[in-house]
Amino acid sequence: MLKVYNSLTQKKEKFVPLTDKKVRMYVCGITAYDSCHLGHARAAIAFDVVYRYLKFLGFQVDYIRNYTDIDDKIINRSKESGMPWKELTGRYIKEYQEDMQSLNVLPPTREPRATEHIPHMTKAIQKLIENKMAYASQTGVYYSVRSFKDYGKLSHKKIEELESGARIEIDETKKDPLDFALWKKAKPGEPEWESPWGKGRPGWHIECSAMSTEYLGQPFDIHGGGRDLIFPHHENEIAQAEGACAKSFCKYFLHNGFVNIDAEKMSKSKKNFKTIKEVIAERDAEVVRYFLISAHYGSPIDFTDRNMKDARAALDRYYLLQQRLSALPDFKSSKVAKAESGVEKELADSLKNLPKRFQEAMDEDFNTAGALGGLFETIRLFNKYLDSLQGKNPPFASWAKSEWEKHQKVFQDVLGVFVSKPETYFERLKKIHAKVHRVDVALIEKKIEERRQARHAKDFKLGDEIRNELLKMGVEIKDKPDGTTEWHLR
RNA sequence: GGCGCGGUAGCAAAGGGGUACUGCAUUGGUCUGCAAAACCAACAUACGCCGGUUCGAUUCCGGCCCGCGCCUCCA
């Protein structure tokens with residue numbers, strides 16, 4: 001039974017979709033005016049895992065993730081750069097999609113853009129005006145926050161408290177400082193669309209309530225996004241959707257935690273961000289994805305060199321086992337091989353329990369960290385078994401391998417990691433690290449060849465000297481039984 | 001000031017009323033010409049502090065301290 005932490009109720013609740021076997025989910029995407037950073041990657045991956053797990057559970061999932069392709073930041077950036085807004089947003093949407101592909105994030109069912117849904121938004125605004133929840137002024141149309149009695153139910157804030165803390169805004173024709181814009185009238189030279197209140201553009205919040213309800217209906221099941229969107233963005237979406245048609249907006253609100261740098265939130269305004277492209281180039285996309293799912297999606301996660309190295313080490317451990325396993329014969333028989341020795345029984349049990357343990361963890365609000373814990377326990381036992389193998393009971397060996405591979409499929413499908421061939425993975429990392437640490441691969445290989453010759457001539461002293469020399473360069477070597485030597489960078 | 005999230009070993013991170021999944025690091029060992037990898041063993045006098053409930057709490061309740069976040073755009 002899947003349970004999810006619902007920000008609305010502040011509790012972990014049983015997940016029961018509104019329509020049997022169907023899940024309708026909307027996640028706030030990006031504002032396309034600049035390159036995306038790790039924080040955006042985290043949100044995307046968090047909900048990608050939600051999407052994948054729901055599908056794994058057999059739900060038919062309708063997953064919408066939007067692009068904000070018009071707003072003040074876009075207009076400003078367009079002015080600064082001289083690039084037309086449409087070209088600008090097109091460029092960054094494309095870049096985002098490339099980033100998502102490298103991170104193995106599945107495309108949602110639909111990725112609507114705000115500017116393609118202006119008529120729906122104006123219709124929604126009209127409805128709000130009719131319901132006396134909104135009013136037009138000289139500068140645009142505003143939502144009257146006080147007219148919505150449930151305002152604050154998501155962020156658990158009270159209007160009076162907001163009032164006292166509200167910052168003073170200049171040049172507003174709002175009736176109340178808390179009211180927010182549904183429609184902004186265009187200033188000369190700004191992008192504009194027709195509306196009953198004059199040419200202009202939609203406010204930020206209306207796009208999400210309009211597009212989500214257009215594609216998913218009202219109410220729908222899951223609304224996701226970063227924690228920073230709880231207020232005011234999601235709070236305002238609720239006010240708009242429920243103010244317009246007196247039906248509940250969405251059943252479960254899920255929010256992901258931030259990526260921190262030095263224990264502080266990564267963000268554009270603090271200028272302490274790392275773009276997705278940068279991090280992928282420096283540490284590998286699969287390592288980045290592993291890192292981001294190694295903690296629960298709702299908690300903060302600290303981006304540090306050490307944490308990234310740990311993530312890489314864990315993934316290395318996984319692929320090292322895969323490499324060992326490739327030497328085992330494939331499973332041919334249809335009969336389940338019997339575990340004989342103690343280690344075999346231990347491994348067989350662990351393999352048997354792995355899917356259960358995986359699902360139990362994932363059922364607890366998508367606990368990816370817990371799921372990985374179970375996997376690594378099996379990895380340890382598999383290594384132990386392989387160490388004690390000595391060619392006994394080969395049917396069990398190949399059966400265990402096939403069981404393992406069967407379960408890997410689930411991890412790959414749901415978590416989106418462990419998807420490479422071991423050789424490809426190590427090759428990729430070798431290249432990245434050689435580049436990042438500026439080491440000369442040709443030189444390393446030359447040294448290794450020198451060492452091979454020295455060892456062949458039984459000159460172990462020279463061989464060890466070369467090995468130490470390489471170690472000083474950060475190169476670690478591994479002599480394989482077949483006489484070849486592998487290397488990797490520390 | 002209001003609201004929210006969190007504080008688990010050297011680091012990271014699960015768990016959860018009956019004495020702690022996992023990854024990295026450290027120490028000793030097995031293996032290896034030596035290494036590396038792997039495996040074995042050791043490593044938290046009990047999970048921020050103080051009270052309460054309980055036969056029993058790190059896990060529940062209350063208070064406190066500390067960190068982070070939102071209250072302006074933000075994944």
Side-chain angles (χ1 to χ4, degrees), chain A residues 5 7 10 27-31 36-47 71-73 152 155-158 160-169 178 204 224-233 235 255-260 263-270 273 290-291 294-296 298-302 304 306-318 320-321 323-324 343 357 361 364 367-377 379-388 455 458 460-461 463-464 467-468 470-471 476-481 485-488 490:
Chain A
Y5 181 84
S7 303
Q10 301 180 310
V27 172
C28 290
I30 54 153
T31 299
C36 287
H37 58 67
L38 253 202
H40 299 104
R42 187 180 199 195
I45 288 171
F47 291 103
D71 92 323
D72 292 357
K73 288 196 294 294
S155 55
H156 306 280
K157 293 174 190 296
K158 293 195 173 70
E160 309 80 67
E161 283 156 1
L162 284 166
E163 188 82 312
S164 60
R167 305 187 186 191
I168 300 127
E169 290 180 57
L178 294 177
W204 176 39
R227 268 195 185 328
D228 46 3
L229 298 184
I230 294 175
F231 191 88
H233 188 53
E235 193 68 64
H255 292 104
N256 66 275
F258 305 130
V259 175
N260 289 164
E264 280 200 335
K265 180 187 173 190
M266 182 181 284
S267 73
K268 279 270 160 61
S269 46
K270 281 184 184 158
F273 60 90
Y290 181 91
F291 166 68
S294 65
H296 180 82
S299 322
I301 192 167
D302 216 9
T304 62
R306 185 164 184 180
N307 288 165
M308 291 308 294
K309 279 187 175 146
D310 284 357
R312 190 218 142 165
L315 212 46
D316 278 2
R317 183 168 164 80
Y318 172 84
L320 246 8
L321 174 70
Q323 225 162 28
R324 290 188 87 179
V343 267
R357 202 169 153 182
E364 286 299 316
N367 183 358
T368 49
L372 291 171
L375 183 78
F376 278 96
E377 197 177 76
I379 289 177
R380 195 190 80 243
L381 294 171
F382 221 133
N383 274 316
K384 186 177 175 180
Y385 163 74
L386 290 173
D387 275 8
S388 72
R455 290 175 76 225
K458 298 264 185 247
F460 291 121
K461 191 162 169 281
D464 290 353
R467 196 188 63 227
N468 290 334
L470 285 163
L471 205 58
E476 215 164 60
I477 53 177
K478 177 183 173 185
D479 298 323
K480 306 234 299 183
T485 298
E486 280 183 358
W487 62 274
H488 68 267
R490 275 255 125 167

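Each chain gets a letter, A, B and so on, in the order the sequences are listed, and its residues count up from 1. Every value quoted in this text rests on a predicted model; they were computed, and no experiment measured them.
Among the protein residues, A:G29 comes within range of the sugar-phosphate backbone only, with heavy atoms under 4.0 Å from sugar or phosphate atoms but none that close to a base. Here A:I230 lies out of heavy-atom contact (under 4.0 Å) with every strand. Residue A:Q10 is classed as a sugar-phosphate contact, given heavy-atom separations below 4.0 Å to backbone atoms only. Within 4.0 Å of A:G225, counting heavy atoms only, lie sugar-phosphate atoms of the nucleic acid but no base atom. Base contact: A:V259 has a heavy atom under 4.0 Å from a base atom. At the heavy-atom level, A:H255 lies nowhere under 4.0 Å from the strands shown. Within 4.0 Å (heavy atoms only), A:D72 reaches no atom of the nucleic acid at all.
Atom CD of A:E161 is separated from atom C1' of B:rG4 by 12 Å (rounded to the nearest Å). In this structure, A:D316 atom CG and B:rA36 atom P are separated by 16 Å, rounded to whole Å. With rounding to whole Å, A:K480 atom NZ is found 12 Å from B:rA36 atom C1'. Computed from coordinates, the A:H156 NE2 to B:rG1 C1' distance equals 19 Å when rounded to whole Å. Across the protein-nucleic acid pair, A:E486 atom CD and B:rA35 atom P stand 19 Å apart, rounded to whole Å. Taking atom CG of residue A:L321 and atom P of nucleotide B:rC39, one finds them 9 Å apart after rounding to whole Å. Atom CG of A:N260 is separated from atom P of B:rC70 by 10 Å (rounded to the nearest Å). Between the C1' atom of B:rC5 and the CD1 atom of A:I301 lies a distance of 16 Å, rounded to the nearest Å.
Checking B:rA36, B:rG15, B:rC5 against the side-chain heavy atoms of A:N367 singles out B:rG15 as nearest. The side chain of A:I30 sits closest to B:rA75 out of B:rA75, B:rC3, B:rA38. Looking at the side chain of A:F258, the nearest of the listed nucleotides B:rC39, B:rG2, B:rG69 is B:rG69. Nearest nucleotide to the side chain of A:L162, out of B:rC39, B:rA37, B:rC71: B:rC71. Candidate nucleotides B:rG33, B:rA75, B:rC3 were compared by shortest atom distance to the side chain of A:R42, and B:rA75 ranks first. The listed nucleotides are B:rA38, B:rG33, B:rA37; the one nearest the side chain of A:N383 is B:rA38. In this structure, the nucleotide among B:rA38, B:rC70, B:rA13 sitting nearest to the side chain of A:F231 is B:rC70. Closest to the A:K73 side chain, of the nucleotides B:rA75, B:rC73, B:rC70, is B:rC73. Side-chain atoms of A:K157 lie closest to B:rC3 of the nucleotides B:rA75, B:rC3, B:rC68. Comparing B:rG2, B:rC70, B:rA14 against the side chain of A:S299 picks out B:rA14 as the nearest.
With hydrogens and angles ignored, the 3.5 Å screen pairs no side-chain donor or acceptor of A:D479 with any backbone N or O of A:T485. With hydrogens and angles ignored, the 3.5 Å screen pairs a side-chain donor or acceptor of A:D71 with a backbone N or O of A:K73. Proximity of a side-chain donor or acceptor of A:R227 to a complementary backbone N or O of A:F258 within less than 3.5 Å is not detected. No side-chain donor-acceptor contact under 3.5 Å links A:H296 to the backbone of A:G370.
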Worked check of salt bridge (Lys or Arg N to Asp or Glu O under 4.0 Å) between A:K157 and A:E235: CA-CA 10 Å; A:K157 293 174 190 296; A:E235 193 68 64; over 6 Å; no
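Distance check on atom C1': B:rG67 versus B:rU72 gives 23 Å, rounded to whole Å. Between the P atoms of B:rG28 and B:rC68, the separation comes to 39 Å (whole Å). Nucleotides B:rA12 and B:rU53 place their P atoms 35 Å apart, quoted to the nearest Å. Here the separation of B:rG4 from B:rA41, taken at their P atoms, is 46 Å to the nearest Å. Taking the C1' atom of each, B:rC31 and B:rA14 are spaced 32 Å apart, rounded to whole Å. When the P atom is compared between B:rC60 and B:rC24, the two are found 30 Å apart, to the nearest whole Å.
For A:Y5, a side-chain nitrogen or oxygen approaches OP1 or OP2 of B:rC5 to under 4.0 Å. Put simply, A:K270 has a side-chain N or O that comes within less than 4.0 Å of OP1 or OP2 on B:rG69. Between A:K268 and B:rA75 there is no side-chain polar atom (N or O) within less than 4.0 angstrom of OP1 or OP2. Checking the phosphate oxygens (OP1, OP2) of B:rA75, a side-chain nitrogen or oxygen of A:H40 falls inside 4.0 Å. At the phosphate of B:rA12, neither OP1 nor OP2 sits under 4.0 Å from any side-chain N or O atom of A:N307.
Helical stems involving RNA chain B, defined as 3 or more consecutive Watson-Crick or G-U pairs under 3.5 Å, span B:1-7 with B:65-71, B:10-12 with B:22-24, B:26-30 with B:38-42, B:48-52 with B:60-64.
Under a cut-off of 6.0 angstrom, the local environment of NZ in A:K458 is sparse, with at most 12 non-hydrogen atoms contributed by other residues, nucleotides or ligands.
Interface remark: the A:R455 side chain does form a donor-acceptor pair with the B:rG33 base, using a distance-only criterion of under 3.5 Å.
If you check the side chains of A:R324 and A:N383, you find a donor sitting under 3.5 Å from an acceptor.
Between A:Y385 and A:F382, the angle of the ring planes goes over 60°, which puts this pair in the perpendicular group of the 30/60° scheme.
Listed by chain and number, the residues in a salt bridge (Lys or Arg N to Asp or Glu O under 4.0 Å) with A:D72 are A:K184, A:R201 (sequence neighbours excluded).
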What string of B, S and - do you get for nucleotides 19-25 of chain B, 5' to 3', when a contact is any protein heavy atom under 4.0 Å? --BSBB-
